[in-house]
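Some notes on the structure that comes next.
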Amino acid sequence: MRHFDINSKVKRKKWLEMLLGSNWNLEPAGGSTGEAFIAHDGSQKLFLKCNSSPFLAVLSAEGIVPKLLWTKRLANGDVITAQRYIEGRELGSKDMQLPEVAQLLRRIHTSKELLEMLKRIENQVHSPDVLLAKLRKKAIYQQHRVAPIYQQAFAYLEQNKTNIEHENFVVCHCDLNHNNWIVENNEALFLIDWDGASVADPALDLSIMLHWYVPRATWEEWLRDYGIELNDSLFRRMHWYITMHTLDYLLESDEDNDMNRSQWVEYLESLMVEDVFTD
């Protein structure tokens, strides 16, 4: 995770104020990096972000994120993007079961335009081998806190990575937290925060959606709205990826400050009990 000191945040805000002019008010949009702001001049609002991915332009053209209005480079080298600010609400956990969510994710996963653009930006496909290597690298710096359950999860991921090989790689968002889904006036649905997007197996995204938000009894119904059927291959791939996601979260989290850490450990243990690779 990236962190910026307070001086960087203050300087960035001053550059933006110079760019917009004195009739604009600038407020932080939240987050620890100080890269996002809300600007308003009394008649309109803009969502500003520093150093967004070039991928934002095609996402805007596809209607997946709020409309991109302009892009400008500051004197300090930062690239600023301005998007239409929408008055909407974040989806709740239960909202993730809606057909509209499944249909938008399907549109993202099947978009050739998105895939071609992201391939130009990200030249590495996030295969199970690549993802597991990144996870191991993260664990190297935290050996003092790699508990036995983590080691068991790593062994599981290593042993079964060849069992989930899949050739249909798509654009994956990779952070489908319900807070990243915004609905405007109960009509238009947007998926924001694309900084971690990658080319990968669609099961990487689907594993989060189904395991964290959709009751197991309604998986088949949700996937029909998405446009596919649940089969053994998808079930096993999702189980592998949700194990990876959960282990990644535990390695990222602060064990001294995370109140939910024990629940995540228990969840990882439950995934290890479920042997989905045995017929």
Side-chain angles (χ1 to χ4, degrees), residues 1-4 30-33 90-94 96 105 122 124-164 166 172-181 191-216 219 234-278:
M1 293 183 292
R2 293 177 298 169
H3 297 280
F4 293 87
S32 61
T33 64
E90 298 174 350
L91 293 190
S93 296
K94 290 186 178 180
M96 300 291 275
L105 187 60
E122 293 280 337
Q124 185 179 51
V125 172
H126 281 64
S127 65
D129 263 328
V130 170
L131 291 167
L132 188 52
K134 288 186 176 183
L135 207 56
R136 287 196 178 282
K137 186 176 181 180
K138 189 176 295 184
I140 287 174
Y141 298 102
Q142 303 179 42
Q143 289 184 359
H144 65 286
R145 47 181 290 206
V146 178
I149 184 59
Y150 296 4
Q151 297 170 2
Q152 183 183 352
F154 270 118
Y156 164 84
L157 293 171
E158 182 66 39
Q159 290 167 7
N160 293 292
K161 65 182 181 181
T162 57
N163 295 326
I164 62 161
H166 186 69
C172 287
H173 182 276
C174 301
D175 184 15
L176 293 178
N177 188 291
H178 66 89
N179 295 322
N180 286 329
W181 297 80
L191 179 56
I192 62 171
D193 196 359
W194 283 84
D195 291 345
S198 65
V199 177
D201 181 344
L204 188 152
D205 275 348
L206 292 172
S207 65
I208 294 177
M209 294 298 303
L210 295 184
H211 279 273
W212 290 355
Y213 294 113
V214 181
R216 183 72 65 96
W219 278 16
L234 177 59
F235 186 83
R236 291 169 177 173
R237 282 153 48 212
M238 288 194 300
H239 193 274
W240 193 94
Y241 282 111
I242 202 62
T243 301
M244 182 209 70
H245 283 303
T246 306
L247 182 56
D248 184 53
Y249 175 83
L250 285 166
L251 289 171
E252 283 277 358
S253 64
D254 186 338
E255 61 184 339
D256 296 323
N257 296 322
D258 190 347
M259 300 296 292
N260 298 317
R261 186 176 182 80
S262 61
Q263 295 178 5
W264 283 99
V265 171
E266 289 177 6
Y267 182 63
L268 183 60
E269 290 172 342
S270 71
L271 290 171
M272 293 298 92
V273 169
E274 186 177 6
D275 187 358
V276 302
F277 289 97
T278 299

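Both backbone and side-chain heavy atoms feed into the values below; hydrogens, waters and symmetry mates do not.
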Do [X] and [Y] have side-chain heavy atoms sitting under 4.5 Å apart?
X    : Y    : answer
I242 : W212 : yes
H245 : H211 : no
V214 : M96  : no
E269 : V265 : yes
H126 : V199 : no
F154 : Q159 : no
D248 : K138 : yes

Worksheet entry | Whether Y150 side chain and A139 backbone form a donor-acceptor pair below 3.5 Å |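 No.
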Fill in: Derivation of the ring pair (Phe, Tyr, Trp, His ring centres under 6.0 Å) call for H173 and W181
CA-CA 11 Å; H173 182 276; W181 297 80; 7.5 Å; no
Worksheet item: Which residues satisfy the side chain to side chain contact (heavy atoms under 4.5 Å, CB included) test with A153, sequence neighbours excluded?
Response: T243, L247, L268, M272
Item to complete: Quick one: do Y241 and I208 satisfy side-chain contact (heavy atoms from CB on, under 4.5 Å)? Show the steps, please.
Response: CA-CA 8 Å; Y241 282 111; I208 294 177; over 6 Å; no
Worksheet item: For W264, is the NZ or CZ atom of R261 found under 6.0 angstrom from the centre of its six-membered ring and inside 45 degrees of the ring axis?
Response: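 No; the conditions do not both hold, so R261 does not lie above the ring face of W264.
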Practice prompt. Answer yes if the side chains of N177 and D175 hold a donor-acceptor pair under 3.5 Å, and no otherwise.
Written response: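 Judged by distance alone, the side chains do not pair up.
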Practice prompt. Let me know which of K161, R136, K134 forms a salt bridge (Lys or Arg N to Asp or Glu O under 4.0 Å) with D129.
Written response: K161
Worksheet item: Which residue pairs pass the side chain to side chain donor-acceptor pair (under 3.5 Å) test when at least one of the two sits in residues 197-208, sequence neighbours left out?
Response: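 Found H109-D205, D201-R237.
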Worksheet item: Can you tell me how far CG of L271 sits from CD of E266, rounded to the nearest 0.5 angstrom?
Response: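 Rounded to the nearest 0.5 Å, the CD-CG separation comes to 12.0 Å.
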Fill in: Contact summary for P202 and C172, nearest pair of heavy atoms
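Closest pair (atom of P202, atom of C172, distance): CA-SG, 3.9 Å.
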Discussion item. Whether R216 and E274 form a salt bridge (side-chain N of Lys/Arg under 4.0 Å from carboxylate O of Asp/Glu) is what I want to check.
Written reply: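 Salt bridge present between E274 and R216.
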